[in-house]
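What follows is a short report on a single structure.
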There are 2 protein chains.
Amino acid sequence: MEDEVYPQLHLDNQLCFSVYTLSRLITQAYQPLLRALGLTYPQYLVLLVLWQAEEDKRLPVPVRYLCERLQLDTGTVTPLLKRMETAGLIRRARSAEDERIVQVSLTPAGLALREQAQQVPLDILCRSGVSLEQAQTLRDQLRRLILQWPADGAPPRGPATAPGTPESDPG
Amino acid sequence: MEDEVYPQLHLDNQLCFSVYTLSRLITQAYQPLLRALGLTYPQYLVLLVLWQAEEDKRLPVPVRYLCERLQLDTGTVTPLLKRMETAGLIRRARSAEDERIVQVSLTPAGLALREQAQQVPLDILCRSGVSLEQAQTLRDQLRRLILQWPADGAPPRGPATAPGTPESDPG
DNA sequence: GCTATCTATATTGTGAGCAATATAATTTCA
DNA sequence: TGAAATTATATTGCTCACAATATAGATAGC
């Protein structure tokens, strides 16, 4: 028998699994608060973008802008926006100048939700027991990692260290 | 007019959005490699657990064990396992001693995939351009955060710092 | 001006995630 | 022992994600 061991394939050595698990944990933490506002987590993200655009007097915004900000494609965003329109949170309208474009804006109800959502991020922070410093540090670290992430189709780059046989390879 | 500003609701100030985005980016990076093995990302995670159990001679394992390790409920895992059974990767069998339990084991095909998967984590690391140290540090940081995360239904805890009005609240 | 190309959005189909509920087997304990 | 509670898995219904494709409007070259 071989009895080979593959530490690089052990679940708890994977960075991907930690990120995946934390992402679901955070979403689950938001869920009860957002449910009180009649929102799902992705719908909340759409509203974050629209509320911020409203602050800057940039409403309406095209669907394309939402896709860029959220890093989601139209296959996800279009049905999401349809549900939000049905829920009375947003409006969608074809642009007159360029009929390919659908412009998205907030309804009064969608805008009004911002007041109720105001407390949500801090509330989550409190419930999670994470310190503000820890959260900010981690956020900035992840944002840098996301920014340096290779665009899809980019050529493979080597790891920044000399190659070896790491016992626990956090792929 | 009010012209109020809500920095705590700005998308890029949210820790949740960074985690969510990175999680999807990583999954997308795995996708082409796993596709070559005929796997989806969650199916790969199931195999990681089963391969490790095989190393320890603990196969078969109950569905409950997979749910615990992956932090997923049966509503996700049961159909996932059914698809993997159909694909010939695993076997599912009711336990004789306790007929509530379904024991999951690897088929030869499912076990054999481990050889091909061996290179995947390091391959992802290379493509991502992240250094091994950076990945390990981040992984350990996230694991600590996940471990300290409150169980569902736990009472709200305050943030570890004095309350104030943080400009950018990473909820 | 006409066709090829490009751009913006929508649609289809599959596979997660997850809440809520259902079903059936086991255990508890009065 | 026998009903109530518990445990393990499955099912249903809804909402993402995302690849692949479709559609229609705008733009570029010739």
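Convention: sequence-line order gives letters A, B, ...; per-chain numbering from 1. These figures come from a predicted structure and were not determined experimentally.
One distance of note links CZ of B:Arg69 with CG of B:Leu48; it measures 9.5 Å at 0.5 Å rounding. Taking CD of A:Gln71 as the start and OG1 of A:Thr76 as the end, the distance is 12.0 Å to the nearest 0.5 Å. Distance check, rounded to the nearest 0.5 Å: CD1 of A:Ile101 to CG of A:Asp98 gives 4.0 Å.
Donor-acceptor pairing under 3.5 Å is recorded for the side chains of B:Gln118 and B:Glu115. For the residue pair A:Gln8 and B:Gln119, no side-chain donor N or O sits within less than 3.5 Å of a side-chain acceptor on the partner.
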Task: Protein proximity profile, nucleotides 12-18 of chain D - base contact B, sugar-phosphate-only contact S, no contact -, cut-off 4.0 Å on heavy atoms - done: ---SSBB

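Under 4.0 Å is where a charged nitrogen must lie from a carboxylate oxygen, and between A:Glu99 and A:Arg94 no such pair does.
With rounding to whole Å, B:Ile101 atom CD1 is found 9 Å from D:dT7 atom C1'.
A:Glu97 comes within 4.0 angstrom of sugar-phosphate atoms only, judged by non-hydrogen atoms across all strands, and of no base.
A donor and an acceptor atom sit less than 3.5 Å apart, one in the side chain of B:Arg100 and one in the base of D:dT7.
Nucleotides of DNA chain C with any atom under 4.0 Å from a heavy atom of chain A span, from 5' to 3', C:dT7 to C:dA20.
Side-chain atoms of B:Thr86 come within 3.5 Å of backbone atoms of B:Lys82 as a donor-acceptor pair (strictly under, hydrogens ignored).
Between A:Tyr44 and A:Tyr30, the ring planes are tilted. Angles from 30° to 60° get that label.
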